[in-house]
Asker: 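Provided herewith is a single structure, encoded as structure tokens, for subsequent inquiry.
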Protein chains: 2
Amino acid sequence: MSFDRLIEKIAKTQNPTVAGLDPKLDYVPGYIKEKAFAKYGETLKGAAKALLWFNKGLIDALCDIVPAVKPQAAYYEMYGYAGVKTLYKTQEYARKKGMFVITDGKRNDIGSTMEAYAAGHLGKVRVGAEEYEPFLADALTVNGYLGSDCINPVIKVCKQYDKGMFVLAKTSNPSSGELQDLKVGDRTIYEIMGDMCEEWGKELPGKYGYSGVGIVAGATYPEQIEILRKRLPHTFFLIPGYGAQGASAKDISAAFDKNGLGGIVNSSRGIMCAYQKEQCDEKDYAGAARREAIRMRDEIMGYLNGVQI
Amino acid sequence: MSFDRLIEKIAKTQNPTVAGLDPKLDYVPGYIKEKAFAKYGETLKGAAKALLWFNKGLIDALCDIVPAVKPQAAYYEMYGYAGVKTLYKTQEYARKKGMFVITDGKRNDIGSTMEAYAAGHLGKVRVGAEEYEPFLADALTVNGYLGSDCINPVIKVCKQYDKGMFVLAKTSNPSSGELQDLKVGDRTIYEIMGDMCEEWGKELPGKYGYSGVGIVAGATYPEQIEILRKRLPHTFFLIPGYGAQGASAKDISAAFDKNGLGGIVNSSRGIMCAYQKEQCDEKDYAGAARREAIRMRDEIMGYLNGVQI
């Protein structure tokens, strides 16, 4: 009912990073696409199969050194229900390989509907006498614009199934400040959202000091990360924006405590497209992803004194 | 590139309402579930088939008198990828029957990822030499917490494919005020979000005075609906909260202009579960839904002087 399982995987790998699996078809090596299209045609199903094979190669290459993957729901929905099946199969494969799965869905709705999202993504669903896990995430990203009604159903499912969530506080995109930086009295909206998460998190305490209600805090806003870390001592940070979006390891170092805990840094394109940047043989895309993941780990760990639990 | 098509359907049916298709398995009559489970087992696929058959019956019963349906993504994701296939098949059937399809997904993300959501839900996606519509919505609900970066990709797709969006402003749930009612200077957050929508809407002007960037404004907050209507003369309102959530027709009448335009009122449980309330034969669930839809239409139209375009 917290991020304890995630933190233990981070400590074991000594690597507070997560590989974002946001597989655009453009990112997939030609030989994989050709094979998928030959078998399933240039169809949504063909695309979805190509993404799945691509993801499996990445997971194989990363699972012993990277603690978690973060599939981004949008890139699967983009290929229709076949794509959503690939989301499930990717989660299933990552779980089998021992990785912590964060589904980046930014889901949000009113109470009764949020129960459906929480059950579908993090919990179990009953059909007649049987129970199923519709999707296989260990944590889900959530948008808190609707307030507690949206978060409480997720807390309930997290308690029951030992899962966690990350609520959007300060997002990594250029226009995030339009709403998030506005001031209500002496607090910005992102601080207010962060404070609510620290409060909600009391329902999901963790043994390493961090609750199961984390926040998303973009690496592209290092000052805000520093502010949020000071305000929110029990809140774990999911930190996108490293690499392709322009943030450096130094930018995110303020998210971490003296034990090297407190956050996990995402890289998506940087890892998925490492073979393009390296200009290596595309058949070595997974090897290039592993080399980039190691480089990223070492760069970030250069700012921490190890990860101790 | 606006809500013109929706408005024309509303005028034709003289009915500014939308049937929410949020099909929990509990809402589905027993005989439909039995048939689906007999064929597909008590599985996610069996559940998904039951939902599809249930939806098709509702669409058949409503398509000549109700202009639009609003499937809620959560209730499909709840049954895994099989459920998401039912979302697609429901959209496909509603479109075939001439209904306007609003996918209630409250999607949101940073620019490049939001492009994937917009293409997947409202646009087309290329696979090799072919183009596909992964999902079949005419409009999508969106959460604006991330600012313009999240909205602009949707505007682009709406322009290209003549689609629309509804952005959350003041939601219908009890805790919506925790964030949305906070004041920044002399404006609440929901007013600020509304003002942004009025501005974004300039990119998607409509010939009946309403843009393609609508808002979600909960019927459970009639005073806020009145405030928002005055502020946002070109913004179309999607109004949930009628019926099961407790709001009346009078509560939402302020959303409409003198021509009976300006909003569309959603009822989900009220329509889907009408047969339970009526205590009629469950095999007449679609008939009961139609009777409730007519009652709702007449009640709401009682506060308007017709719908003129």
Side-chain angles (χ1 to χ4, degrees), chain A residues 22 24-25 33 37 42-44 46-47 72 74-75 77-81 83-85 87-88 106-111 113-114 116-117 119-121 125 127-130 132 134-135 143-150 168 171-180 182-184 189 192-193 196, chain B residues 22 24-25 33 37 42-44 46-47 72 74-75 77-81 83-85 87-88 106-111 113-114 116-117 119-121 125 127-130 132 134-135 143-150 168 171-180 182-184 189 192-193 196:
Chain A
D22 311 4
K24 284 192 178 183
L25 212 45
K33 284 188 279 202
F37 293 165
E42 289 183 343
T43 60
L44 293 174
Q72 163 55 256
Y75 291 101
E77 292 179 25
M78 189 178 168
Y79 297 101
Y81 56 81
V84 175
K85 184 172 178 178
L87 172 60
Y88 176 84
K106 300 186 173 62
R107 296 301 193 253
N108 64 107
D109 218 293
I110 65 169
T113 302
M114 202 62 198
Y117 276 133
H121 288 280
V125 166
V127 181
E130 305 296 327
Y132 296 95
F135 293 98
N143 183 319
Y145 185 76
L146 287 85
S148 305
D149 297 332
C150 175
L168 302 185
T171 56
S172 63
N173 56 308
S175 77
S176 70
E178 286 173 12
L179 193 76
Q180 298 161 27
L182 296 178
K183 278 206 149 180
V184 178
I189 296 289
I192 290 170
M193 192 59 81
M196 285 161 84
Chain B
D22 311 5
K24 283 192 177 180
L25 211 45
K33 284 188 279 201
F37 294 166
E42 289 183 343
T43 60
L44 294 174
Q72 163 55 256
Y75 291 101
E77 292 178 25
M78 189 178 168
Y79 298 101
Y81 56 81
V84 176
K85 184 173 178 179
L87 172 61
Y88 176 84
K106 298 186 173 63
R107 297 299 194 253
N108 64 105
D109 218 293
I110 66 168
T113 302
M114 202 62 199
Y117 275 132
H121 288 280
V125 166
V127 181
E130 306 294 328
Y132 296 94
F135 292 99
N143 184 320
Y145 186 76
L146 288 85
S148 305
D149 296 332
C150 174
L168 302 185
T171 56
S172 64
N173 57 309
S175 77
S176 70
E178 286 174 11
L179 192 77
Q180 297 162 28
L182 296 179
K183 278 205 148 182
V184 178
I189 296 290
I192 290 170
M193 192 58 82
M196 286 162 82

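Per chain, numbering begins at 1; letters A, B, ... match sequence-line order.
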Asker: Taking side-chain contact (heavy atoms from CB on, under 4.5 Å) as the definition, give me every residue that meets it alongside Ser172(A), ordered by chain and number, with sequence neighbours left out.
Answerer: Thr220(A), Pro240(A), Gln245(A), Ile110(B)

Asker: Is Glu130(B) in contact with chain A via its backbone, its side chain, both, or neither, using a 4.5 Å heavy-atom distance?
Answerer: both

Asker: Please state whether the rings of His121(B) and Phe135(B) are parallel, tilted or perpendicular, taking 30° and 60° as the class boundaries.
Answerer: parallel

Asker: Which atoms of Thr171(A) are under 4.5 Å from chain B, going by heavy atoms: the side chain, the backbone, both sets, or neither?
Answerer: side chain

Asker: Distance check, rounded to the nearest 0.5 Å: Leu182(A) atom CG versus Leu182(B) atom CG?
Answerer: 11.0 Å

Asker: Check whether Tyr79(A) gets within reach of chain B through its side chain, its backbone, both or neither, counting any heavy atom under 4.5 Å.
Answerer: both

Asker: Is Glu77(A) close to chain B through its backbone or its side chain, or both, or neither, when contacts mean heavy atoms under 4.5 Å?
Answerer: both

Asker: Which one of Gly46(A), Gly177(A), Gly80(A), Gly120(A) has the most heavy-atom pairs closer than 4.5 Å to chain B?
Answerer: Gly80(A)

Asker: Heavy-atom pairs under 4.5 Å with chain A - which of Leu25(B), Asp22(B), Val125(B) has more of them than the others?
Answerer: Val125(B)

Asker: Would you say NZ of Lys33(A) has more than 12 non-hydrogen atoms from neighbouring residues, nucleotides or ligands within 6.0 angstrom?
Answerer: yes

Asker: What distance do Asn173(B) atom CG and Ser148(A) atom OG have between them, rounded to the nearest 0.5 Å?
Answerer: 9.5 Å

Asker: Indicate the atoms forming the closest heavy-atom contact of Gly147(B) with Ser175(A), along with that distance.
Answerer: C-OG, 3.5 Å

Asker: Contact part of Phe37(A) toward chain B, heavy-atom cut-off under 4.5 Å: side chain, backbone, both or neither?
Answerer: side chain

Asker: Using the side-chain contact (heavy atoms from CB on, under 4.5 Å) criterion, which residues pair with Ala116(A)? Sequence neighbours excluded.
Answerer: Ala74(B), Tyr75(B), Met78(B)

Asker: Would you mind telling me which of Met196(A), Met193(A), Arg107(A) has the largest number of heavy-atom pairs within less than 4.5 Å of chain B?
Answerer: Arg107(A)

Asker: With respect to chain A, which residue among Thr43(B), Leu179(B), Val84(B) yields the maximal number of heavy-atom pairs within a distance under 4.5 Å?
Answerer: Thr43(B)

Asker: Rounded to the nearest 0.5 Å, what's the gap from CG on Asp149(A) to CG on Asn108(A)? Could you check?
Answerer: 12.0 Å

Asker: For Lys106(A), is it the side chain, the backbone, both, or neither that has a heavy atom closer than 4.5 Å to a heavy atom of chain B?
Answerer: both

Asker: I'd like to verify something: which residue of Ala129(A), Ala119(A), Gly111(A) has the highest number of heavy-atom pairs under 4.5 Å with chain B?
Answerer: Ala129(A)

Asker: Of the backbone (N, CA, C, O) and the side chain (C-beta and beyond), which part of Tyr145(A) lies under 4.5 Å from a heavy atom of chain B, both, or neither?
Answerer: both

Asker: Please classify the contact between Tyr117(B) and chain A as side chain, backbone, both or neither, with a heavy-atom cut-off of under 4.5 Å.
Answerer: both

Asker: For Ile192(A), is it the side chain, the backbone, both, or neither that has a heavy atom closer than 4.5 Å to a heavy atom of chain B?
Answerer: side chain

Asker: Relative to chain B, which segment of Leu87(A) carries a heavy atom at a distance below 4.5 Å: side chain, backbone, both, or neither?
Answerer: neither

Asker: CG/Leu146(A) to CD/Glu178(B) distance, rounded to the nearest 0.5 angstrom?
Answerer: 10.0 Å

Asker: Tell me, for Met114(A) versus chain B, whether the close heavy atoms (under 4.5 Å) come from the side chain, the backbone, both or neither.
Answerer: neither

Asker: Measure the spacing between CG of Asn143(B) and CG of Asp109(A) and express it to the nearest 0.5 Å.
Answerer: 10.0 Å

